[in-house]
Every structure is written in structure tokens, then in C-alpha cells.
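As C-alpha cells, the structure follows; a few thoughts come after it.
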Amino acid sequence: MSSNDNCVKCNQSITSVSHLHGAFCKNCFQVFVIHKFRAAIGRTKLITNGEDVLVACSGGDNSSALLHLIQHGKSESAHRKLRFIPQVLYVDEYGALEVSSEDRMAKRAEILQVLIAAGFPVYVSSLEQALNQKRSETTARSVFVKAITSNIPLPPNVETSELKSILSRISSLTSLEDFIKQLRCQLIVTIATELGISKVLTAENCTKLAIQVLSCVAQGRGSQISQSTGFSDSRNNVMFIRPLRDLSSSDLAAYNKLFDVPSTVNPIVIKKTSSLSIEHLTEMFVLSLLKDFPSTVNNIKRTSEKLEQADLRLPKCYICKSPLDIQMESSSAQSALKFSYSLSHSQSSYTRNIYAKFDQASVAYFFLGRSSVPPLACKTDAFCN
């Protein structure tokens, strides 16, 4: 979003980009974005000099901006060059959509042409290959190929049909989106491991992570927030790093527009249903708040940074690799729920003794609400005491 306000850095009265903290001219805005990106990588020191890093790119606004920032950091004009060695991975997810083979091939070629032009090694895989990970271990068949040109053949129709058959059995849109996300994550981990790479850069921005925080809470995944939205995610054998978490979606969109960064629209799984997923509803809620409360996203992100990480030494979920909540404290909500469930589904002597202390009218009054007769006194004072 552009305006004609003076730049808050150089005070030049030229077309600038509106931001939460003021307006920037084009040059100062570029310095601002690059500083946020490089500071996020530099202050953690998770990536060492000369280390191979896999960059997950989908061709959307966020990943295109991430690739452009890395490309700028490796150029001769950079003040201090980035020391890691980037390799790009593109996972084709159009197999989950009702798209013809011709349209899918054209879209894949369009994205690969942009990624190859960045000058880094590019690898291609498809979501169908996530179902073939176990088969590849026995047949020595790789789940990815190196893209020399943009004309990479599509997976066999049998594999695409198998993927769509599995996805069609998932009725909930929330579960469907989460399943595709987990498939993609496991596929990236498999490819990174095969390439001998231990770090993966992803392009989640501040807005996306704020939505993810509230979505995790709504789905009862509060213990996973620290790993799901933090700068690094070490639940898998490969570490996922989010260097754009200090930049909002509007910042990256403005950056792409100012510097002509090519990008495409990411595929979205849409089912014929009248309801939306929890993440989509959360996104609508957060974006509606930004109109009147622009600091909402930053506040949510800063709050999530204060949460403690779960103990990764605990047994992990087979799918998402998150620690299992199997150690219940006596005062936890899960423990209280388990105790309530045991009372309502058992006929222990303790339960029978409680109900024996009330007459029928009292039980109906207290527990069923079906009687207007005031309860009688307990048969013994032991229950009240």
C-alpha cells in the first residue's frame, strides 16, 4: 500500500510504502526488509558458514520473497554475503486438486522456470510421493528429481488417483488441510535427509504464524504452539527455520510489488461443504481485527514467544512428531475430565453410596433439573461434611 508521506528514515517526499511504524521510501523499505530477514538468521546462529540449507518454495508470495532475499544476500552487491549454500525444493500439491494434467503441467513449468532462474540447484517432488516413501526404501527409487529444465514429467495417474482416493475419505476440511500439511512436512524431511541436509528454510510470515497460534489453541494443540510458530522447529530429524517471522504478509506483498518479484497463487484445497476450516475462520477473524487494531498480529506473535517448549524427550506422535501428553498432573484439566468420565461410566461402591444419600426428588433437582420440588436434606450429614 503506497502513499505520499515522507519517509521516516530519510525524510524524502516520494512514493513510499505505508507501514505500522510509518512510511518508507523504496530504498529504505528494502533495507528494512533485508535487516529483518538477516537479523532473524544472525541472532540465533543456527546456520553455520558453508552449510547446505534446503529452501522450501511453493511459488507463492512468501516463498518468492524469501528466495529473492536469499538471492540478494548471495549477490556481489550485498554488504555482507550470506554464508550458507541454498538448495531449492518445490513440492507440487496440485495432485490434491481437481486440475487437468495439462493445466497442472503448465503451472508446474511456470513455477520451475522462476525457481531455476534464481541460479540455485532446484529439486522437484509431488505430494503423491509422500505415499511412496516406504516403497522408495525398498525399491531404491527417489521421491524427488533435480530440475535441469522446467519440463519435469508428472507422477503416474495411478499415484494421483490413490492420493485423491485417500483425501476423499476425510470429511472435515480442518482435518484435510492438516493431513496435507503433515504429508508435505514428512516428504520434505525425507528429501532433506536423502540430500544430507539438516536445515530447511520455510516462508511463514508474522501474519501466518499469528493465525497458526490461535488455530492451535482452538484445536487443543496449545502444547505445540512453541514449535509450530517459533523461529525453529526441531520436532523432526531435520530442523525447520522461519526467517520471515518478523515480517507481515503486507510487508512481503509490498516488497514483491516494488521489486517485481514473480510469484504465483498457491493451490488451496476446497471441498464442497458449507463450512470452513478452523484455520480459515481464524484467518478471517485476525484479518478483520487488523483493520482497526493493526498491532494484533505482533501482540499474538510476542505472546507465543513466551510459551515454554514441551519436553522433546517424551514419546512422540507418529504423524506430527509432537510430544504426547501422556503425563497427567493431578490438577490438570485432562485429569479432571478423566475422573468425571470414570464416575459417569462406572458403578463403583463410592458412586452408589453418593446416590444413596439422596432421595429421587433431590437427584432430579440437582442433576437432571426436571423437578421443581426443593431437595430434601441428606439422609446423613456425612455427605455435606
Q: Under the side-chain hydrogen bond (donor to acceptor under 3.5 Å, both in side chains) rule, what do Asp251 and Ser248 come out as? Steps first, then yes or no, please.
A: CA-CA 5 Å; Asp251 292 337; Ser248 66; 3.1 Å; yes

Q | Test log, rule salt bridge (Lys or Arg N to Asp or Glu O under 4.0 Å), inputs Arg104 and Asp92 | A | CA-CA 9 Å; Arg104 181 180 181 183; Asp92 181 7; 2.8 Å; yes

Q: Report the C-alpha separation of Lys181 and Glu279 in whole Å, then their side-chain angles, then the decisive distance to 0.1 Å, and conclude whether the salt bridge (Lys or Arg N to Asp or Glu O under 4.0 Å) test is met.
A: CA-CA 12 Å; Lys181 178 181 178 181; Glu279 188 167 351; 5.9 Å; no

Q: Apply the test side-chain hydrogen bond (donor to acceptor under 3.5 Å, both in side chains) to residues Thr190 and Glu194: give CA-CA distance (whole Å), side-chain angles for both, the deciding distance (0.1 Å), then the verdict.
A: CA-CA 6 Å; Thr190 300; Glu194 189 172 340; over 6 Å; no

Q: For the pair Asp246 and Phe37, evaluate side-chain contact (heavy atoms from CB on, under 4.5 Å) and give the outcome as yes or no after the intermediate values.
A: CA-CA 8 Å; Asp246 294 330; Phe37 164 69; over 6 Å; no

Q | CA sep, side-chain torsions, deciding dist, call: Thr207, Leu287, side-chain contact (heavy atoms from CB on, under 4.5 Å) | A | CA-CA 9 Å; Thr207 307; Leu287 295 180; 4.2 Å; yes

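Under a cut-off of 6.0 angstrom, the local environment of NZ in Lys316 is crowded, with over 12 non-hydrogen atoms contributed by other residues, nucleotides or ligands. Within a 6.0 Å sphere centred on CG of Asn299, other residues, nucleotides and ligands contribute more than 12 heavy atoms. Within a 6.0 Å radius of CD1 in Ile319, no more than 12 heavy atoms belonging to other residues, nucleotides or ligands are found. Crowding of Lys301 atom NZ: a count of heavy atoms from other residues, nucleotides or ligands under 6.0 Å exceeding 12. Counted within 6.0 Å of NZ on Lys146, heavy atoms from surrounding residues, nucleotides or ligands total 12 or fewer; the atom is thus considered open.
Under the 3.5 Å distance criterion, with hydrogens and angles disregarded, no donor-acceptor pair is assigned to the side chains of Gln71 and Ser75. Counting only N and O atoms by type, the side chains of Glu51 and Ser198 include a donor and acceptor under 3.5 Å apart. In this model, a donor atom of one side chain and an acceptor atom of the other lie less than 3.5 Å apart for Ser126 and Arg108. No donor-acceptor contact under 3.5 angstrom links the side chains of Ser64 and Asp61, judged on distance only. A side-chain N or O of Glu128 and one of Thr160 form a donor-acceptor pair less than 3.5 Å apart. Under 3.5 Å, the side chains of Ser234 and Ser232 contain no donor-acceptor pair of N or O atoms. Under 3.5 Å, the side chains of Ser100 and Asp103 contain a donor-acceptor pair of N or O atoms. For the residue pair Glu177 and Ser277, a side-chain donor N or O sits within less than 3.5 Å of a side-chain acceptor on the partner.
Nearest heavy-atom pair across His280 and Leu276 is CB-CB, 4.2 Å. Residues Val143 and Ser125 come closest through the heavy atom pair O-OG, 2.7 Å. Across Leu214 and Thr282, no two heavy atoms sit closer than the pair CB-CG2, 3.5 Å. Across Ser228 and Leu209, no two heavy atoms sit closer than the pair O-CD2, 4.2 Å. Residues Gly230 and Arg245 share a closest heavy-atom pair of C-NE, 3.7 Å. Scanning all heavy atoms of the two residues, the minimum distance from Leu67 to Ala118 falls at CD2-CB, 3.9 Å.
From Leu201, atom CG reaches atom CD1 of Ile47 across 5.0 Å, with rounding to the nearest 0.5 Å. The distance from atom CG of Leu97 to atom NZ of Lys107, rounded to the nearest 0.5 Å, is 11.5 Å. Atom-to-atom distance recorded for Leu115:CG and Tyr90:OH is 8.5 Å, nearest 0.5 angstrom. Rounding to the nearest 0.5 Å places CG of Leu187 at 7.0 Å from CG of Leu89. Taken to the nearest 0.5 Å, the CD atom of Gln113 stands 9.5 Å off from the CG atom of Asn151. The line from CD1 of Ile41 to CD1 of Ile241 is 7.5 Å long, rounded to the nearest 0.5 Å.
In this structure, the side chains of Gln129 and Phe144 stay at 4.5 Å or more apart for every pair of heavy atoms. In this structure the side chain of Lys74 reaches within 4.5 angstrom of the side chain of Phe120, judged on heavy atoms. Side-chain contact between Leu247 and Cys206 is absent, with no heavy atoms from C-beta onward closer than 4.5 Å. Residues Leu183 and Glu93 have side chains not in contact (no heavy-atom distance under 4.5 Å, counting atoms from C-beta outward).
A cation-pi geometry, defined here as NZ or CZ lying under 6.0 Å from the six-membered ring centre and within 45° of its normal, holds between Lys26 and Phe259. Annotation: cation-pi pair Lys321/Tyr318 present, NZ/CZ under 6.0 Å from the ring centroid and within 45° of its normal.
Cluster membership for Val217 and Leu281, using ILVMFWY side-chain heavy atoms within less than 4.5 angstrom, is not shared.
Ring centers of Tyr255 and His68: under 6.0 Å apart, within the cut-off. For Phe24 and Phe32, the ring centers sit closer than 6.0 Å to each other.
Among Val238, Val200, Thr202, the one residue that satisfies the side-chain contact (heavy atoms from CB on, under 4.5 Å) test with Ile188 is Val200.
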